[in-house]
Number of protein chains: 2
Amino acid sequence: MRHARLPASEHIALEDVFHALSDPFRLGVVRRLAVEGEQSCQALEGDRPKSSVSHHFRVLREAGLIRTRNEGVTRMNALRRDDIEQRFPGLLDCVMSRAND
Amino acid sequence: MRHARLPASEHIALEDVFHALSDPFRLGVVRRLAVEGEQSCQALEGDRPKSSVSHHFRVLREAGLIRTRNEGVTRMNALRRDDIEQRFPGLLDCVMSRAND
DNA sequence: TCGATAGTTCGATATTTTTCGAATTTTGGC
DNA sequence: GCCAAAATTCGAAAAATATCGAACTATCGA
């Protein structure tokens with residue numbers, strides 16, 4: 001399998017992170033991963049087609065927000081919590097602070 | 001003059017803020033306003049046409065990040081620092097933390 | 001009132017993103 | 001090897017954003 005592009009912590013760009021988080025679906029995914037931990041794509045897709053979901057996960061991955069690993073036939077997505085915190089301290093707190101508005 | 005739409009502090013939406021900040025020009029404007037204080041549009045336009053600059057300032061205004069007031073023939077733009085801090089504590093620190101990468 | 005300056009608005013085009021079905025890949029189980 | 005499940009990739013079409021010139025508006029000063 002080709003390896004997903006995943007920027008090293010020090011190459012995570014704030015513009016990319018902001019762009020990734022400017023979509024309500026993706027912001028929701030990040031918030032759920034923060035609360036619930038690692039999840040499959042399927043567990044987080046609403047009712048939209050797999051190809052759309054896959055696209056959004058790719059945007060999150062390429063922005064440096066999540067990491068994906070294989071577990072059997074499913075792929076588990078995890079928030080890169082430490083990497084994000086190290087590079088942009090406080091950002092995740094910010095994202096979570098108004099999660100229920 | 002018609003009044004620019006400017007969301008009340010409690011209506012500033014995180015998605016909108018993130019979208020506004022996902023553009024490098026706009027992110028740069030916000031960082032400069034944070035450091036240098038109130039500025040005219042002109043002072044912050046690079047070499048792009050006025051209409052483009054005006055568009056970006058409008059996005060920032062509608063997202064709730066800046067406020068614009070008339071001062072004679074120019075319009076002065078200021079970061080809504082307190083409003084942003086109150087609604088999303090730490091966000092501005094985050095934006096400024098890697099301003100020189 | 002006329003001119004100059006600073007921005008805004010409009011409208012048209014270009015670029016980027018999003019959406020989603022169909023085909024493909026990867027992995028595990030039988 | 002074959003089938004099913006989970007997700008990715010491809011390709012095309014739709015939607016949202018960005019860009020920029022031209023026309024317009026507001027304000028000041030002479």
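A, B, ... follow the sequence lines: proteins, then strands. Residue 1 opens every chain.
- Spacing between atom CZ of Phe57(A) and atom P of dT18(C) amounts to 15 Å, rounded to whole angstrom units.
- In this entry the distance linking CZ of Phe18(A) with C1' of dT16(C) reads 20 Å, nearest Å.
- Going from atom CD of Glu45(B) over to atom C1' of dT8(C) covers 13 Å, rounded to whole Å.
- Note: the hydrophobic cluster containing Met76(B) does not contain Val73(B) (ILVMFWY, side chain heavy atoms under 4.5 Å, direct or indirect links).
- Atom-to-atom, CG of Asp16(A) to P of dT16(C) comes out at 14 Å; the value is rounded to the nearest Å.
- Ile66(A) and Phe18(B) fall within a single hydrophobic cluster, where Ile, Leu, Val, Met, Phe, Trp and Tyr are joined by side-chain heavy atoms under 4.5 Å apart, directly or via other members.
- Regarding Gln42(A), its CD atom lies at a distance of 13 Å from the C1' atom of dA4(D), rounded to whole Å.
- The hydrophobic cluster containing Leu44(B) also contains Leu79(B), counting ILVMFWY residues as joined when their side-chain heavy atoms lie under 4.5 angstrom apart, directly or transitively.
- Note on Asn70(A): a side-chain N or O is less than 4.0 Å away from OP1 or OP2 of dT27(C).
- Each of dT19(C), dA7(D), dT26(C) was ranked by its minimum atom distance to the side chain of His56(A); first place goes to dT19(C).
- Nearest to the side-chain atoms of Arg48(A) among the listed nucleotides dG7(C), dT18(C), dC20(C) stands dC20(C).
- Here dT8(D) is the nucleotide among dT19(D), dT8(D), dG21(C) with the atom lying nearest to any side-chain atom of Cys41(A).
- Here the C1' atom of nucleotide dA7(D) and the CG atom of Leu44(A) are 13 Å apart, to the nearest Å.
- Applying the 4.0 Å criterion to OP1 and OP2 of dT27(D), one finds that Arg69(B) has every side-chain N and O outside that range.
- With distances taken from any side-chain atom of Val73(B) to the nucleotides dT5(C), dG7(C), dT19(C), the minimum falls on dT5(C).
- Phosphate proximity of dT5(C) to Arg75(B): absent, as no side-chain N or O sits under 4.0 Å from OP1 or OP2.
- Comparing dG21(D), dT9(D), dA18(D) by their nearest atom to the side chain of Ser51(A) picks out dT9(D).
- Comparing Met76(B) and Arg26(A) by the nucleotide of DNA chain C that holds the closest heavy atom to each, the one mapping nearer the 5' end is Met76(B).
- Using a 30° and 60° split on the angle between ring planes, His56(B) and Phe25(B) fall in the tilted class, from 30° to 60°.
- Distances shorter than 4.0 Å separate some side-chain N or O of Ser52(A) from OP1 or OP2 on dC20(C).
- Comparing Thr74(A) and Arg58(A) against DNA chain D, the residue whose closest nucleotide sits nearer the 5' end is Thr74(A).
- Side-chain atoms of Ser54(B) and base atoms of dG7(C) include no donor and acceptor less than 3.5 Å apart.
- Under the 4.5 Å side-chain heavy-atom criterion for ILVMFWY residues, a single connected hydrophobic cluster contains both Leu27(B) and Val17(A).
- Atom CG of Leu60(B) sits about 8.5 Å away from atom CG of Asp23(B), to the nearest 0.5 Å.
- Regarding His19(A), its NE2 atom lies at a distance of 13 Å from the C1' atom of dA18(D), rounded to whole Å.
- Of the candidate nucleotides dT18(C), dG7(C), dC20(C), dC20(C) has the atom lying nearest to any side-chain atom of Pro49(A).
- To the nearest angstrom, C1' of dG7(C) lies 19 Å from CZ of Arg67(B).
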